[in-house]
Structures are given as C-alpha cells and as structure tokens.
Amino acid sequence: MLSETGSILYLFTKLERGLRMKESTKINLKSGHGIKEDINANPISPRQVLIVRYEDIAELAIPPGELRENIVIQGVKAENFQPGSLINFETGAAVRLTFHCELCKRIKHLVKSLASIQAKRGILGVVIKSGQVQVGSNFQITPHQFPALSEKPYERFLELLLKLPSGKVVTYKQILQTIGVDHSYMRAIPTYIKKTSALDYPIHRILDSQGNLISHVPEQKNKLEAEGIKVLCETGLLPKQNKCFVALKNYLWKDQTIYL
C-alpha cells in the first residue's frame with residue numbers, strides 16, 4: 001500500500017474542561033494514553049487524538065483550533081486520510097485513525113449547515129507509538145493498515161461485547177469510554193442491552209457504573225456465577241431496595257491494549 005507524505009501546521013491541547021484549546025509548537029504523544037496533559041487522554045478510548053486536514057477547514061473558512069482538534073495537517077489526499085489509516089511521524093510516534101468525529105451542536109455556529117462539514121469534521125485516533133511531534137515536521141500516512149471502527153456507536157458496542165472474556169465484567173462508564181461516546185449516551189446503554197441478543201452476545205457481563213446487576217438482563221446472576229464471579233446480594237426494607245452486585249476490584253475487565 002502506497003504511503004503519502006504530509007506536514008503538521010498546527011498543534012492544540014485541551015488542558016481543562018471549559019477552557020479554549022491551547023496552541024502549542026510541540027506535543028508529546030504517549031502510546032496507550034494519548035496526548036500528555038490533555039484532558040481526553042484515556043488508555044481505553046478510541047478518541048485520544050483528533051486530526052483534521054487544513055484543506056478541509058480552509059474550504060469552510062473555519063479557523064484552526066475551532067473544531068477542538070489536536071493536530072492540523074496538510075498535503076495529504078482525502079482518500080488516504082480515512083479511518084484505518086496509519087500515521088507515522090518523523091520522531092517515531094504513530095497514530096491509528098479510528099473513526100470520523102461526529103457532527104454536533106457545538107460546531108453548528110461555525111458552518112452554514114452541518115451537512116456542509118460531513119466527512120470534514122476530522123478523524124479520531126489512538127496513539128500506538130510514543131514520541132514528540134512538532135509544527136513543521138513531516139509524517140507518512142498509509143491507508144488500510146487497521147480495520148476501521150464503525151461510525152455507529154451501537155456497532156462499536158457489539159464489537160466490545162465480543163472482546164469481553166469470561167469471568168470479567170464491564171460497567172456502563174467503561175462502555176462509554178471504550179466505544180468513544182459522550183456521557184449523554186449513558187441513557188442509550190439500557191436500550192442497547194435490550195435490543196442485543198443474549199444468545200449471541202455476553203450482555204450478562206455488563207453492570208451499571210456502581211457494579212450492580214441489571215434488572216433487564218435475563219439470568220444475569222446465574223450466568224455470572226457460572227463463570228466464577230461472586231455475586232453479593234443485600235436485602236432492603238422494601239423489595240425495590242433489594243440489590244445484587246459484584247466487587248469491581250476483583251472482576252472488572254481492563255485491557256489498555258484494546259486499540260493498539
């Protein structure tokens with residue numbers, strides 16, 4: 001597969017929520033983590049870095065940094081800048097592109113219509129090799145080096161379930177982080193669970209963010225115990241106060257290499 005050379009025009013980091021992006025001349029990328037000191041750094045997230053093409057934002061007259069991107073690049077064709085591509089920087093750092101950043105109301109004021117920025121919003125990625133990158137340096141981009149993650153959150157949810165091993169559990173909060181969606185999607189997880197086949201996917205390994213079992217998962221307690229997971233139960237004063245839960249410190253699934 002042929003590679004293409006491009007260069008870095010701008011670099012930005014997000015240090016705190018509520019603050020504007022901070023422009024930098026160099027940033028440090030850390031494998032399995034993201035950008036050092038950036039608020040979006042997360043070892044299990046597929047959205048550690050947001051990269052946009054200068055050609056796209058220039059066409060839309062959007063100033064660099066306004067899309068909350070981390071890296072603005074130039075000189076690469078749109079057909080090579082796609083989810084699944086690999087970017088190798090001069091310093092040895094590398095980023096795997098995962099999926100397009102979704103359109104949202106936060107950027108609505110920047111364009112005449114959200115449709116005009118479709119596929120030009122930038123692509124998210126994960127850092128797979130550490131190193132420092134700086135403005136003016138070059139990189140090589142090679143398409144089709146990894147499977148592209150689905151653009152649909154529900155399909156990423158299903159892919160995650162297939163990776164959960166027997167004897168481990170995952171929480172709602174972990175799911176949101178691992179499939180790369182905003183906290184507002186917390187309300188969608190019960191819907192995802194209800195429409196997912198318990199025969200084809202291990203939905204019984206999903207717990208709420210406090211480690212409690214979920215009422216709409218059939219036979220969850222029995223299935224977890226069959227996998228060697230100890231389920232604890234407490235009886236409340238009222239039937240609705242009864243609950244069963246799992247000690248997360250003992251059984252929580254952790255895989256910081258999921259996207260490496």
Side-chain angles (χ1 to χ4, degrees), residues 6-76 78 81 83 87 89-91 93-128 130-139 141 151 153 173 176-186 259:
S7 61
I8 299 174
L9 275 185
Y10 298 93
L11 294 169
F12 300 92
T13 53
K14 182 79 167 177
L15 301 180
E16 294 182 31
R17 300 194 186 282
L19 296 183
R20 293 182 62 83
M21 302 293 290
K22 178 185 176 183
E23 186 173 354
S24 305
T25 57
K26 59 184 66 174
I27 58 175
N28 293 303
L29 303 180
K30 182 179 178 181
S31 176
H33 177 78
I35 301 173
K36 288 185 178 180
E37 300 182 352
D38 190 273
I39 195 169
N40 293 310
N42 187 326
I44 63 173
S45 173
R47 54 188 313 142
Q48 297 171 355
V49 182
L50 175 58
I51 304 176
V52 302
R53 291 197 323 141
Y54 179 75
E55 291 84 350
D56 291 330
I57 60 174
E59 178 184 338
L60 296 166
I62 299 175
E66 289 299 310
L67 293 178
R68 304 186 184 188
E69 72 273 20
N70 302 113
I71 304 176
V72 181
I73 61 174
Q74 69 171 355
V76 298
F81 183 61
I87 297 180
F89 298 95
E90 288 180 335
T91 57
V95 170
R96 169 193 176 179
L97 299 183
T98 52
F99 58 91
H100 287 93
C101 189
E102 62 277 2
L103 305 181
C104 65
K105 61 182 180 181
R106 295 173 182 171
I107 62 169
K108 191 175 181 180
H109 66 286
L110 296 172
V111 291
K112 293 181 178 180
S113 70
L114 288 178
S116 67
I117 199 173
Q118 187 74 37
K120 298 178 181 179
R121 170 71 174 89
I123 302 180
L124 297 156
V126 294
V127 180
I128 62 172
S130 301
Q132 187 179 83
V133 298
Q134 60 184 21
V135 171
S137 62
N138 294 331
F139 62 85
I141 185 168
E151 301 292 338
K173 182 178 179 180
L176 298 184
Q177 294 175 348
T178 308
I179 67 175
V181 294
D182 187 79
H183 188 266
S184 62
Y185 271 80
M186 186 74 74
Y259 295 120

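Sequential numbering from 1 along the given sequence is applied to the chain's residues. As the structure is a computational prediction, the values presented were derived from the model and not from experiment.
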* Can you check whether Leu67's main-chain N or O pairs, donor with acceptor, with Glu69's side chain at less than 3.5 Å? -> yes
* Asked: Is Lys120 salt-bridged to Glu55, cutoff N-O under 4.0 Å?
  -> no
* Asked: Looking only at atom types and distance, does a side-chain atom of Ser31 sit under 3.5 Å from a main-chain N or O of Ser130, one as donor and one as acceptor?
  -> no
* Does Ser7 use its side chain to pair, donor to acceptor, with the backbone of Asn138 at less than 3.5 Å? -> no
* To do: Answer yes or no: is there a side-chain heavy-atom contact under 4.5 Å between Ile128 and Val95?
  => no
* Report yes if the side chains of Leu97 and Ile87 come closer than 4.5 Å at any heavy-atom pair, otherwise no. => yes
* Show your reasoning for whether side chain to side chain contact (heavy atoms under 4.5 Å, CB included) applies to Thr98 and Ile123. => CA-CA 7 Å; Thr98 52; Ile123 302 180; 5.6 Å; no
* Asked: Can you find a heavy atom in the side chain of Phe139 that is under 4.5 Å from one in the side chain of Glu90?
  -> no
* **Lys/Arg-Asp/Glu bridge criterion (N-O < 4.0 Å) met for Lys30, Glu37** => no
* Asked: From Leu11 CG over to Asn70 CG, what is the distance, rounded to the nearest 0.5 angstrom?
  -> 8.5 Å
* **Any side-chain heavy-atom pair of Val127 and Val49 under 4.5 Å** => yes
* Go through Val72 and Ile8 one step at a time and tell me if the side chain to side chain contact (heavy atoms under 4.5 Å, CB included) criterion holds. => CA-CA 6 Å; Val72 181; Ile8 299 174; over 6 Å; no
* To the nearest 0.5 Å, how far apart are CD1 in Ile71 and CG in Leu50? -> 9.0 Å
* May I have the step-by-step check of side chain to side chain contact (heavy atoms under 4.5 Å, CB included) for Ile35 and Gln48, ending in yes or no? => CA-CA 7 Å; Ile35 301 173; Gln48 297 171 355; over 6 Å; no
* Answer yes or no: is there a donor N or O on one side and an acceptor on the other, between the side chain of Ser137 and the main chain of Gln134, under 3.5 Å? => yes
* Asked: Judged by modelled atom types alone, do His100 and Glu151 share a side-chain donor-acceptor pair under 3.5 Å?
  -> yes
* To do: Take Glu66 and Arg20 through the test salt bridge (charged side-chain N to carboxylate O under 4.0 Å, His left out) and record every step on the way to the result.
  => CA-CA 9 Å; Glu66 289 299 310; Arg20 293 182 62 83; 2.8 Å; yes
* **Salt-bridge present (Arg47, Glu102; N to O < 4.0 Å)** => yes
* What is the minimum heavy-atom distance between Ser116 and Leu60, and which atoms define it? -> O-CD2, 3.7 Å
* Is Arg96 reaching over with its side chain to a backbone N or O of Tyr259, donor-acceptor style, under 3.5 angstrom? -> yes
* To the nearest 0.5 Å, tell me how far Thr13 OG1 sits from Lys22 NZ. => 6.0 Å
* To do: Report yes or no: does Asp38 contribute a side-chain atom to a donor-acceptor pair with the main-chain N or O of Lys14 at less than 3.5 Å?
  => yes
* Where is the tightest heavy-atom contact between Phe99 and Gly180, given as atom of each residue plus distance? -> CZ-O, 3.9 Å
* To do: Kindly compute the distance separating OG (Ser24) from CZ (Phe12), expressed to the nearest 0.5 Å.
  => 8.5 Å
* Do Val52 and Ile73 have side-chain heavy atoms sitting under 4.5 Å apart? -> no
* Structure fact -> Closest non-hydrogen atoms of Pro64 and Tyr10, given as atom of the first, atom of the second and distance, are CG-CE1, 3.5 Å
* Structure fact -> Residues Ala93 and Val133: closest non-hydrogen pair is CB-CG1, 4.2 Å
* For Leu124 against Pro46, the heavy-atom pair lying closest together -> CB-O, 4.0 Å
* Asked: For the atom pair CZ (Arg121) and CD1 (Ile62), what is the distance rounded to the nearest 0.5 Å?
  -> 8.5 Å
* Spacing of Leu9 atom CG and Arg53 atom CZ [to the nearest 0.5 Å] -> 12.0 Å
* **Evaluation steps, side chain to side chain contact (heavy atoms under 4.5 Å, CB included), between Arg17 and Ile39** => CA-CA 7 Å; Arg17 300 194 186 282; Ile39 195 169; 3.0 Å; yes
